[in-house]
> 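Got a structure for you, written out below as structure tokens; questions coming shortly.
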Amino acid sequence: MATRKLLLLPGDGIGPESMAEVRKLIDMMNADFGAGFETEEGLVGGIAYDTHGQSISDADMDKAMAADAVLFGAVGGPKWDGVPYEVRPEAGLLRLRKEMELFANLRPAICYPALAASSSLKKEVVEGLDILILRELTGGVYFGEPKEIIDLGNGQKRGIDTQVYDTFEIERIAGVAFELARTRSNKVCSMEKRNVMKSGVLWNEVVTATHKAKYSDVELTHMLADAGGMQLVRWPKQFDVIVTDNLFGDMLSDVAAMLTGSLGMLPSASLGAPDPKTGSRKALYEPVHGSAPDIAGQGIANPIAMIASFAMCLRYSFNMVEEADRLDQAIAAVLDDGLRTRDLMSEGMKEVGTVEIGDAIVAKYKALAA
Ligand code: IPM
Ligand code: MG
């Protein structure tokens, strides 16, 4: 049995608590099912800054490059508000994305039946929701140069960020969108702001051309990103795959998260291009929620987005489809049983902590495998 090398980067805030629940799953899968996971741990974010003055060390970066997959918790918190911009906690995550070339960020928003009532939207709007936001992750305004604050010398300063996309970057993310759509409901909606942004004009052109050249069997529509945000809360079930740039994808995926009941529910996978020789891709899996410093350390965080991110890891990095399906079913079953972390609480449900819901998911997984 081949070993499967995982690097765990729990990070800050609720990251370590959520990761501890995934570690239980890994241990169980190794002990009971011979899964052959080998884990290493590293530091990222504020804790890395406190330890070595960098938001991720070169040594941990090397480990990430060598791993089959990276599991990432969360970074940041008010404790590090004052640290220099270059070494702020988020810089560690951005470095991982950039150096591992993880250009494709999959953010599925699925509304579990048991949670349809927990969304801030009406039940009929979210019930049965299953959409996928595909966010471009290594380009756009996050990384464009110049990126600076300059002194204009007249008592004024100027803050500059640069939104920039090249053809190949749009082509490759569009290709992933169409490929994914073919495995789902065969629909892609591309979102940009071509009415005010040149990069939006190019985005629209390249997505259209890519579609015409190779994917005309998939249904393609275009929407301005602001209208897309509105449609996401009006009638989200009209979408299948949404493909959009780095910044719009950041915002739209937070909106989509709330459709599912809680930000604590949304997992994500960040993937690189397949290696031409081995076919394997670099990959990092992380919950969409942040470090939630206000509830960290209290044992009340919802670990489901982290656990569902591990399910995505099983699916996309190790082709363990059966195991991934089983883990997703275990999450759904535990919710059906009425267990809820505080963020998901509603009347008649049983409030439990991070460890309890994690234990319940492990037990359910084993029961489903028996
Ligand atoms: C996300 C987060 C990150 C982002 C932060 C932590 C840098 O909001 O993954 O959605 O903006 O990409
Ligand atoms: Mg975000």
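All ligand and atom numbering here is 1-based and tracks the order in the structure. Numbers here are sequence positions counted from 1. Because only heavy atoms are used, hydrogens play no part in the values below, and waters and symmetry mates are left out as well, while side chains stay in.
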> What residue and atom, counting heavy atoms only, is the protein's closest point to atom 2 (C) of ligand 1, and at what distance?
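Going by distance alone, atom 2 (C) of ligand 1 is nearest to D250 OD1, 3.9 Å.
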> How far is atom 5 (C) of ligand 1 from the closest protein heavy atom, and which atom is that?
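Of the protein heavy atoms, E90 CG, 4.2 Å lies nearest.
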> Run the salt-bridge test on E40 and K5 with the 4.0 Å N-O cut-off and return the result as yes or no.
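Salt bridge between E40 and K5, a charged N being under 4.0 Å from a carboxylate O: no.
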> So, are D81 and R88 salt-bridged, with charged N and O less than 4.0 Å apart?
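Here D81 does not pair with R88 in a salt bridge, since their nearest N and O are not under 4.0 Å apart.
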> Any idea which part of M251 is under 4.0 Å from ligand 1, heavy-atom wise: side chain, backbone, both or neither?
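Contact part for M251 vs ligand 1: neither.
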> Who are the ring pair (Phe, Tyr, Trp, His ring centres under 6.0 Å) partners of F72, not counting sequence neighbours?
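Testing F72 for ring pair (Phe, Tyr, Trp, His ring centres under 6.0 Å), a comparison that skips the adjacent residues, returns none.
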> Are the charged groups of E192 and R194 less than 4.0 angstrom apart, N to O?
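Judged by the 4.0 Å cut-off on N to carboxylate O distance, E192 and R194 do form a salt bridge.
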> Counting heavy atoms only, which of R107, R97, R88 comes nearest to atom 12 (O) of ligand 1?
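That would be R97.
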> Does the distance from a Lys or Arg side-chain N to an Asp or Glu carboxylate O, for D60 and K63, drop under 4.0 Å?
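Salt bridge: yes.
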> Under a 4.0 Å threshold between the charged nitrogen and the carboxylate oxygen, would D161 count as salt-bridged to K147?
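Yes.
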> Would you verify whether the NZ or CZ of K98 falls within 45 degrees of the ring axis of F143 while also being under 6.0 Å from that six-membered ring's centre?
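Checked: cation-pi criterion met.
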> Look only at interatomic distance and state if D254 has a nitrogen or oxygen under 3.5 Å from any nitrogen or oxygen of ligand 1.
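No.
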> Below 30° counts as parallel, above 60° as perpendicular, anything between as tilted: where do the rings of Y215 and F178 land?
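Rings of Y215 and F178: parallel, as their planes differ by under 30°.
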> Is a salt bridge present between D166 and R172, judged by a nitrogen-to-oxygen distance below 4.0 Å?
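Here D166 does not pair with R172 in a salt bridge, since their nearest N and O are not under 4.0 Å apart.
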> Please indicate how many protein N/O/S atoms are found closer than 2.8 Å to the Mg ion (ligand 2), with waters neither displayed nor included.
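Protein heteroatoms (N, O, S) closer than 2.8 Å to the Mg ion (ligand 2) number 1.
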> Which protein non-hydrogen atom lies closest to atom 11 (O) of ligand 1, naming both residue and atom, and how far is it?
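Answer for atom 11 (O) of ligand 1: Y142 OH, 2.5 Å.
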